[in-house]
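Indexing begins at 1, ligand by ligand and atom by atom, following the structure's order. Along the sequence shown, residues are numbered consecutively beginning with 1.
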Amino acid sequence: MEKRAQLYEGKAKRVFATDNEDLVIVSYKDDATAFNGLKKGTIKGKGVINNQMSNRLMKLLEKAGVPTHFVEELNERETLVRKVSIVPLEVIIRNISAGSFSKRYGVEEGIVFDEPTIEFSYKNDDLGDPLINAYHAVALKLADREEIEEIKRLAFMVNDNLKAFWAGCGVTLVDFKLEFGKTSDGRIVLADEISPDTCRLWDSVTHEKLDKDRFRRDLGGVEDAYAEVMKRLNEHI
Ligand code: UDP
């Protein structure tokens, strides 16, 4: 596999073309941003952890029947993935109240829901990723109705599998964000990453935050939290 020109540079990852037009290489950086890019920093070693964790979880999900973009881990920071066109929706599943949910509805963090919730944000930095409903997404042609149904079905499957997996590691899956892509033959697959950057992960016993909230909220111990959650994953998979 030959790495070719950089196609894209995002906040936490770079994407490179390869000699195969259906495959791209994702390279994970240690750069961290929050609040729509307003807060910037570095989390040392994060790129390696997010790459390895995301790949392990995608493999687990593939086994459970969730199609993903994952092809092959190339090295500590780089992974070969299927080239997809990203559906411009952030798909957020919540099991427990936290973050923007708590803020928007004026409730404390930590309320355990009877059933998981789903919501969509329109992926658009200029607009600040506004909350959007399925009808609006169809009206804006971000996805069609069938695609949205498929995204919902897969997102809840991801939740069932990840919640159970993390519980076995002594970690509570509070909420997370997914992105989906469309392959050249029109199939919806899970894309982007699953990591402490995109999930809220709390220690099941102490409720200590083991995710990017430590960076967002200046809680300290950011690197240690990422390392701890990776260690738990390594011990339990
Ligand atoms: N999230 C993300 N990227 C975003 C927004 C949210 O990965 O641009 C993740 C976040 O880490 C959390 C979940 O989605 O696990 C729900 O985030 P929330 O809507 O509460 O927003 P936040 O409080 O992070 O602004």
Side-chain angles (χ1 to χ4, degrees), residues 8 10-13 26 28-41 43 46-47 49-51 53-54 57-58 61 68-69 86-113 116-133 137 142 151-152 154-156 158-159 161-163 165-167 169 171-181 190-204 207-219 222 225-226 229-230 233:
Y8 170 80
K11 292 171 198 141
K13 298 188 279 294
V26 176
Y28 286 74
K29 304 188 280 185
D30 285 350
D31 298 354
T33 63
F35 313 118
N36 202 17
L38 240 54
K39 183 182 172 82
K40 287 193 175 71
I43 302 174
K46 169 174 90 83
I49 288 175
N50 286 8
N51 181 42
M53 184 179 295
S54 192
L57 296 175
M58 294 250 181
L61 291 168
T68 78
H69 71 166
I86 293 288
V87 177
L89 292 172
E90 296 197 339
V91 181
I92 294 170
I93 299 272
R94 301 178 191 271
N95 296 302
I96 298 179
S97 64
S100 70
F101 182 95
S102 290
K103 204 171 161 204
R104 187 177 316 121
Y105 303 121
V107 296
E108 77 261 35
E109 290 203 327
I111 301 166
V112 181
F113 303 149
T117 69
I118 190 164
E119 74 212 39
F120 303 107
S121 291
Y122 176 22
K123 248 175 87 74
N124 184 318
D125 280 340
D126 295 338
L127 300 177
D129 298 342
L131 196 63
I132 190 171
N133 73 27
L142 309 182
I151 285 171
K152 276 159 66 177
L154 294 174
F156 284 120
V158 170
N159 186 46
N161 282 280
L162 292 188
K163 214 168 78 169
F165 172 76
W166 280 119
C169 303
V171 172
T172 301
L173 179 61
V174 174
D175 60 27
F176 56 94
K177 184 262 302 181
L178 300 175
E179 293 183 23
F180 290 87
L190 182 62
D192 193 46
E193 68 177 284
I194 309 172
S195 72
D197 274 14
T198 64
C199 302
R200 284 196 170 92
L201 302 165
W202 294 354
D203 181 284
S204 300
H207 299 163
E208 188 191 353
K209 296 182 194 306
L210 299 173
D211 57 59
K212 197 171 153 187
D213 269 351
R214 300 205 74 84
F215 169 77
R216 292 189 189 101
R217 303 180 189 184
D218 295 319
L219 299 176
V222 185
Y226 278 66
V229 92
M230 188 66 204
L233 178 141

Element-labelled atoms of ligand 1 that are located less than 4.0 Å from some non-hydrogen atom of [X]:
X: Phe176; result: 14 (O), 15 (O)
X: Gly99; result: 20 (O), 23 (O)
X: Asp175; result: 12 (C), 13 (C), 15 (O), 16 (C)
X: Ile92; result: 16 (C), 19 (O)

TODO: For residues Met58 and His69, determine if any side-chain heavy atom of one lies less than 4.5 Å from a side-chain heavy atom of the other.
DONE: yes
Task: 4.5 Å side-chain heavy-atom contact, Leu190 and Leu61 - done: yes
Open item on the list: Determine whether a donor-acceptor pair (N or O, by modelled atom type, separation under 3.5 Å) exists between the side chain of Lys46 and the backbone of Tyr28.
Closed with: no
TODO: For Ser97 and Glu108, indicate whether the former's side chain and the latter's backbone hold a donor-acceptor pair under 3.5 Å.
DONE: yes
Give me the residue, atom name and distance of the protein heavy atom closest to [atom].
atom: atom 8 (O) of ligand 1; result: Glu90 OE1, 3.3 Å
atom: atom 11 (O) of ligand 1; result: Arg216 NH2, 2.8 Å
atom: atom 17 (O) of ligand 1; result: Arg200 NH1, 3.5 Å
atom: atom 21 (O) of ligand 1; result: Ser100 OG, 3.6 Å

Open item on the list: Against ligand 1, does Asp197 come closer than 4.0 Å with any heavy atom?
Closed with: yes
Open item on the list: Does Lys39, at its NZ atom, have more than 12 non-hydrogen atoms belonging to other residues, nucleotides or ligands within less than 6.0 Å?
Closed with: yes
Task: Donor-acceptor side-chain pairing of Tyr226 and Asp197 below 3.5 angstrom - done: yes
Task: Donor-acceptor side-chain pairing of Asn159 and Asn95 below 3.5 angstrom - done: yes
Task: Location of contacts on Ser121 toward ligand 1, heavy atoms closer than 4.0 Å - done: neither
Task: Arg104, Lys177, Lys123: member with heavy atom nearest to atom 2 (C) of ligand 1 - done: Lys177
Task: Heavy-atom protein neighbour under 4.0 angstrom from atom 25 (O) of ligand 1 - done: no
Task: salt bridge (charged side-chain N to carboxylate O under 4.0 Å, His left out) evaluation trace for Asp129 with Lys177 - done: CA-CA 12 Å; Asp129 298 342; Lys177 184 262 302 181; over 6 Å; no
